[in-house]
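Just so it is clear: chains get the letters A, B, ... in the order the sequence lines come, proteins before strands, and each one is counted from 1. The figures here come from the full heavy-atom set of this structure, side chains too, leaving out hydrogens, waters and symmetry mates. Keep in mind it's a predicted model, so treat the numbers as computed, not measured.
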Protein chains: 2
Amino acid sequence: MSEQKTNSDTRERILDIAERLFMENGYEATSMRMITGAAEVNLAAVNYHFGSKEALLREVFRRRLGWLNEERLRALDRLEQQVVGGALKPSQILEAFFGTLLRMGENPALGGMTFLRLLGRTLTEPAEFIQTFFAGEYAEVIERYKRALYRALPDVPQAEIVWRLHFMLGAMSYAIAGTDVLRVVTGVEVGDLAGEMPAEEFDDSAFARRLAQRLMPFLLGGLRAPLPQFDEPAVKQKESPEKAAREIRPEI
Amino acid sequence: MSEQKTNSDTRERILDIAERLFMENGYEATSMRMITGAAEVNLAAVNYHFGSKEALLREVFRRRLGWLNEERLRALDRLEQQVVGGALKPSQILEAFFGTLLRMGENPALGGMTFLRLLGRTLTEPAEFIQTFFAGEYAEVIERYKRALYRALPDVPQAEIVWRLHFMLGAMSYAIAGTDVLRVVTGVEVGDLAGEMPAEEFDDSAFARRLAQRLMPFLLGGLRAPLPQFDEPAVKQKESPEKAAREIRPEI
DNA sequence: GTAACATCAAAACGAACGTTTGAAAGAAGT
DNA sequence: ACTTCTTTCAAACGTTCGTTTTGATGTTAC
């Protein structure tokens with residue numbers, strides 16, 4: 001097989017194990033010896049197959065993010081073909097962007113929740129090589145979705161849309177990464193959150209589906225919230241002092 | 001001065017430097033030699049004053065989080081005294097919880113944006129001693145605010161409120177931690193986001209204020225979003241198949 | 001003046017880190 | 001069968017890590 005660099009399953013086994021360990025411990029706290037030990041391969045195997053620890057992390061993400069972001073672009077393409085020239089509904093755009101990702105959590109063959117959690121945690125890692133990598137991987141898909149949102153919400157200032165996209169990414173990443181983290185913070189037992197469906201949430205795939213169903217309305221609600229008003233004049237300020245944003249109806 | 005364990009400013013200088021370096025590099029990637037070097041103190045000073053690197057990180061957080069969470073409790077006390085027995089508005093609760101934190105970002109004496117960013121990033125660190133520490137620090141304040149939200153939103157299932165609290169914490173943490181991170185991801189230049197107010201956003205204090213003004217409406221919108229509906233029967237399901245959540249008005 | 005505390009410089013500790021090396025073993029091509 | 005290329009292996013490399021120790025020098029308190 002000269003089509004591929006290698007045909008052995010050593011590479012894949014390393015990637016699978018590294019994906020899990022990086023998720024559990026973070027990049028810095030996961031050593032080469034932990035990875036090669038758990039994968040039952042020689043210590044030198046990582047450097048042989050990938051070159052370095054940094055390159056290993058990049059490859060762990062590339063094999064999943066590549067598919068994900070292509071799928072996101074395809075989903076957006078499909079939507080835009082349906083409404084040629086017209087504007088999409090925000091809910092459709094969010095579904096294409098976040099739904100595509102959250103559906104990966106239901107599919108173990110695509111990394112499942114392990115990869116989702118890893119992604120959420122790694123996005124905030126300060127290491128420069130990580131940030132550089134993500135910037136490159138996400139550039140195109142973010143650009144496309146940003147423009148789609150601009151068109152879907154023509155009355156909302158573009159800067160505001162970018163901020164809210166930022167917030168939505170954060171809510172999603174944290175919701176995933178902090179599954180065990182913030183469950184401690186919020187003091188909720190795993191069983192508590194279940195309530196209605198006791199045993200299901202322990203299953204990764206069912207959990208991912210529930211998460212998506214709960215997250216999407218939240219994100220939509222945030223995206224469609226009243227615009228903020230600023231306490232100092234920005235460009236112009238001719239409207240009445242208190243507008244829509246400050247006073248909120250008390251009930252949901 | 002026998003009132004305090006120590007009177008020197010070595011402790012404070014170490015804490016200030018460690019706060020910044022932990023924020024910039026993360027816990028694992030910040031070495032004792034980097035900290036003591038930048039603080040211009042002896043290498044042994046950290047172990048002398050704090051005992052260990054882990055204890056140093058805890059102390060970095062304790063001196064800020066202690067004040068923050070006490071202030072949050074005081075803010076909630078004040079609100080609840082105004083409406084004895086009654087229910088608060090969700091907006092008031094969110095303002096007390098998130099507003100108190102975001103106002104720290106405007107005050108350099110309380111750590112400013114440096115501490116906020118550190119907090120946002122460290123909340124997702126997988127290290128067990130970190131998670132244990134946060135769980136203890138946050139237990140009471142989360143419990144109080146959770147109950148306040150239950151009372152403010154009596155018609156919303158409590159499990160749903162916990163999830164949305166989780167989402168809101170995520171959106172906030174990420175919004176703060178990812179200031180430089182997701183700015184790269186979203187491909188937005190610092191100047192772009194400004195638009196209306198070009199030079200101000202470079203100032204930490206002004207940035208924190210803007211962030212709060214944009215984040216609060218988003219959080220409120222998410223908290224007050226229509227409830228999700230599940231594709232499989234949970235407790236009971238007698239309403240029509242498609243209810244409020246799925247179909248969303250396309251405009252903001 | 002003496003006891004207790006704080007800081008320092010310097011050196012060393014063992015442990016763990018990512019990476020490299022050179023040879024052995026295996027697979028593929030002819 | 002011989003060669004060539006790839007893969008695996010044990011062992012070692014040099015570095016850095018967090019921590020501890022030793023001894024000297026200020027500093028503060030009673």
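Using a 4.0 Å cut-off between charged side-chain N and carboxylate O, B:Glu160 and B:Arg164 make a salt bridge.
Going from atom CZ of B:Phe22 over to atom C1' of D:dG18 covers 12 Å, rounded to whole Å. The interatomic distance linking A:Glu12 (CD) with D:dT7 (C1') rounds to 16 Å, in whole Å. Put simply, CZ on A:Arg13 is 14 Å from P on D:dT7, counting in whole angstrom units. C:dT7 atom C1' lies 14 Å from atom CZ of B:Phe50, rounded to whole Å.
For B:Tyr48, a side-chain nitrogen or oxygen approaches OP1 or OP2 of C:dA6 to under 4.0 Å. Remark: B:His49 is in phosphate contact with C:dT7, judged by side-chain N or O atoms under 4.0 Å from OP1 or OP2.
Ring geometry, B:Tyr174 versus A:Tyr174: the interplanar angle exceeds 60°, so the pair is classed perpendicular (tilted spans 30 to 60°).
Listed by first and then second residue, the salt bridge (Lys or Arg N to Asp or Glu O under 4.0 Å) pairs that reach into residues 99-116 of chain B are B:Glu95-B:Arg103, B:Glu106-B:Arg209, sequence neighbours excluded.
No donor-acceptor distance shorter than 3.5 angstrom exists from the side chain of A:Lys146 to the backbone of A:Leu165, with no hydrogens or angles considered. Looking at A:Thr124, its side chain does come within 3.5 Å of a backbone N or O of A:Arg121 through a donor-acceptor pair. Looking at A:Tyr27, its side chain never comes within 3.5 Å of a backbone N or O of A:Glu125 through a donor-acceptor pair.
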Item to check | Reading 5' to 3' through nucleotides 13-24 of chain C, protein heavy-atom contacts under 4.0 Å coded B for base, S for sugar-phosphate only, - for none | outcome: ----BBBBB---

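Residue B:Val41 is in sugar-phosphate contact alone, with no base atom involved, counting any heavy-atom pair closer than 4.0 Å across all strands shown. Looking at heavy-atom distances under 4.0 Å, A:Glu40 makes no contact with the nucleic acid at all.
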